[in-house]
Amino acid sequence: MRLFDTHAHYDDPAFDADRAALLEALPGRGVAHVVNMGCDPASSRTAIGLAETYPWIHAAVGLHPENAGQFSDAVLAEIRELARHPRVLAIGEIGLDYHYPTPEREIQRAAFRAQLALARETGLPACVHSRDAHAETLAIISEFPEVRGVVHCYTGAREMAKELTDLGWYIGFTGIVSFKNSKKARLVAESLPCDRILIETDCPYLAPEPLRGRRCDSSMLPYTAAAVAAVRGMETQALIEQTYQNACRFYGLDPD
Ligand SMILES: [Zn+2]
């Protein structure tokens, strides 16, 4: 079994007590690769530090929409500089989050556009967060036809997922796809071309059933894989291997 956790936050304080022991144990639990997101310049630097310490961890660098209030030319320049590091595989986590009134939507859109332009400039894929902003996320993504990316923790409609995969984008599923009330996510998982599906933890949050509510880590990915495999009528092992191949293609890693 080779698991690829395409989206994680091991820099989160939830891992402070046992981070090193947990990360060192991952390969023994079938986890071959993890991409740790950056949510601002500081956490992007932490992600790179983790990637320098553990060969199975890789980094993404970016400014999360929740932190878009920090957006400035200086912050963008810092992320651009960090993106040059050889262990950085993507620009992320970027996107739009309209769940709360702040940061203002205008600055979120500016930060998102600037970082999609950075993805275009660097040739790196984009890891996109979209919450209560699906139509606008798709509209802005469409302005950057040269950029490949994933909409992670996908909770949108099937129609939009199809538009994204038609653009060459990927769809990421967290433990949410295993939750009882997540029929919509399962309908999307059922409908996608098999080469566009990624699985992820978004840990420390969103542990899949039957572990829901616990602190999540990459070793729990088989439960998420099982939920996706079930709706597609596949064996879990086959889904795990398919998504491993997809993630290697997406992040530009050699699958062997
Ligand atoms: Zn995330």
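FYI, side chains are in, hydrogens and waters are out, and symmetry mates aren't considered; it's all heavy atoms of this structure.
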query = Think R148 forms a cation-pi with F250, using NZ or CZ under 6.0 Å from the six-ring centre and within 45 degrees of its axis?
reply = yes
query = Donor-acceptor pair, N36 side chain versus Y10 backbone, under 3.5 Å?
reply = yes
query = Is it true that E136 and R105 make a salt bridge, defined as a side-chain N closer than 4.0 Å to a carboxylate O?
reply = no
inquiry  = Test of understanding: with salt bridge (Lys or Arg N to Asp or Glu O under 4.0 Å), list the residues that count as partners of D11, not counting sequence neighbours.
reply    = none
key: Option from V34, D5, V150, V35 for which side-chain contact (heavy atoms from CB on, under 4.5 Å) with E200 holds   = D5
Which atom of R249 lies closest to which atom of D195, heavy atoms considered = NH1-O, 3.0 Å
ask   = Is the side chain of W169 donor-acceptor paired with the backbone N or O of V147 at a distance under 3.5 Å, no angle test?
value = yes
inquiry  = Taking the side chain as everything from C-beta on, heavy atoms only, tell me whether F112 gets closer than 4.5 Å to H129.
reply    = no
message = Testing T46, N67, V61, L63 one by one against C39 for a side-chain contact (heavy atoms from CB on, under 4.5 Å), which residue passes?
response = N67
task = Just say parallel, tilted or perpendicular for the rings of H7 and H9, cut-offs at 30° and 60°.
result = perpendicular
task = Decide yes or no for R232 and I197: does some side-chain heavy atom of the first lie under 4.5 Å from some side-chain heavy atom of the second?
result = yes
message = If the threshold is 4.0 Å, N to carboxylate O, is there a salt bridge linking D12 and R215?
response = no
task = Would you check if the side chain of Q245 reaches a backbone N or O of P255 as a donor-acceptor pair within less than 3.5 Å?
result = no
